[in-house]
Amino acid sequence: DVSFIGGETEEAYEAATITNQLRIVLRLDVKHDIAITGMTDPEPLGLANGIPVVPDSETLTVQLVVTNAGNLPEQQIHVQLIMTPRNAEEARFEVSALVPYLEAGEATTVAFENLPVLAGSIYELNVTASISEDDQNLDNNSWKMVFFRNIP
């Protein structure tokens, strides 16, 4: 048996009220939520006409942090990168990776290396992460960046 001394606030200690408060605070409901953020390596050094300028280098890598922001383990997280050049003469580039498993609250890094970029071109990166379950917050499932690859 459990009892509370509540006086005038006795209703705050009723089982239904405590259960609702725990659900809000501890998020006891089932929640599937994958989040993704990213950055380039090398990172942009500045802006040109409002567009980040990535310095010229031997390679370009996009590093992504995939996080299980839900409260259940997630399996088979599909991460897809689409890089679209603004120059119509260059081809669109697509690559994907699979994160096999993430516990709730766990994060991992996915890197796409040696991306085919030309100096003097503008590119748009679109990265998405998806799961087979109904993700409850689709706003954090994608990361986008437009950048200019600097001329050496």
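All values below come from the heavy atoms of this structure, side chains included, with hydrogens, waters and symmetry mates left out.
M145 and V53 end up in different hydrophobic clusters when Ile, Leu, Val, Met, Phe, Trp and Tyr side chains are linked at under 4.5 Å. V146 and V54 sit in two unconnected hydrophobic clusters of ILVMFWY residues. Membership requires side-chain heavy atoms under 4.5 Å apart, directly or through other members. Follow the hydrophobic side-chain contacts under 4.5 Å out from V79 and you never reach I82; the two are in separate clusters. Hydrophobic clustering places V95 together with I77 (ILVMFWY residues linked when any side-chain heavy atoms are closer than 4.5 Å, directly or through intermediates).
Scanning all heavy atoms of the two residues, the minimum distance from L102 to N68 falls at O-ND2, 3.1 Å. Shown here for I131 and I34, the closest heavy-atom pair between the two residues is CG2-CG1, 3.4 Å. Shown here for P42 and L60, the closest heavy-atom pair between the two residues is CD-CD1, 4.1 Å.
Remark: F148 pairs with no residue by the ring pair (Phe, Tyr, Trp, His ring centres under 6.0 Å) rule, at least two apart or across chains. For N140, the side-chain hydrogen bond (donor to acceptor under 3.5 Å, both in side chains) partners two or more places apart in sequence, or in a different chain, are D33. Not counting sequence neighbours, the partners of P152 by the side chain to side chain contact (heavy atoms under 4.5 Å, CB included) test are D56, A119. Annotation: side chain to side chain contact (heavy atoms under 4.5 Å, CB included) contacts of E43 (sequence neighbours excluded): M39.
Among residues at least two apart or in separate chains, there is no ring-ring contact (aromatic ring centres under 6.0 Å, His included) pair with a member in residues 59-104. Residue pairs meeting the ring-ring contact (aromatic ring centres under 6.0 Å, His included) criterion with at least one member in residues 102-123, sequence neighbours excluded: Y123-F147.
Counting heavy atoms from C-beta on, the side chains of I36 and T67 never come closer than 4.5 Å. Two residues are said to be in side-chain contact when any heavy atoms from C-beta on lie closer than 4.5 Å; E124 and R86 meet this criterion. Contact of the I51 side chain with the I122 side chain is registered, since non-hydrogen atoms from C-beta on lie closer than 4.5 Å. Put simply, the side chain of H32 reaches to within 4.5 Å of the side chain of V30, judged on heavy atoms. Taking 4.5 Å as the limit, every side-chain heavy atom of P52 sits out of range of all side-chain heavy atoms of L45. Residues W143 and V65 fail the side-chain proximity criterion, which asks for heavy atoms closer than 4.5 Å.
With hydrogens and angles disregarded, a donor-acceptor distance shorter than 3.5 Å links the side chain of N71 to the backbone of K31. A donor-acceptor contact shorter than 3.5 Å links the side chain of N141 to the backbone of A129.
T40 and R149 are not linked by any side-chain donor-acceptor pair at a separation below 3.5 angstrom, with hydrogens and angles left out of the test. Between the side chains of D134 and Q136, not a single donor N or O lies within less than 3.5 Å of an accepting N or O. Side chain to side chain, T59 and E113 fail the donor-acceptor criterion of an N or O pair below 3.5 Å.
Considering E94, E90, E89 as possible partners of R92, the one that fulfils the salt bridge (Lys or Arg N to Asp or Glu O under 4.0 Å) test is E94.
Rounded to the nearest 0.5 Å, atoms CD (Q75) and CG (L98) are 10.5 Å apart. Between T128 atom OG1 and K144 atom NZ the span is 9.5 Å, to the nearest 0.5 Å. The structure places OG of S121 at 11.5 Å from CG of N150, a figure rounded to the nearest 0.5 Å. Note that CG of N126 and OG of S142 are 7.5 Å apart. Values are rounded to the nearest 0.5 Å.
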Q) Could you walk me through whether Q76 and S132 pass the side-chain hydrogen bond (donor to acceptor under 3.5 Å, both in side chains) check? A) CA-CA 8 Å; Q76 306 300 314; S132 60; over 6 Å; no
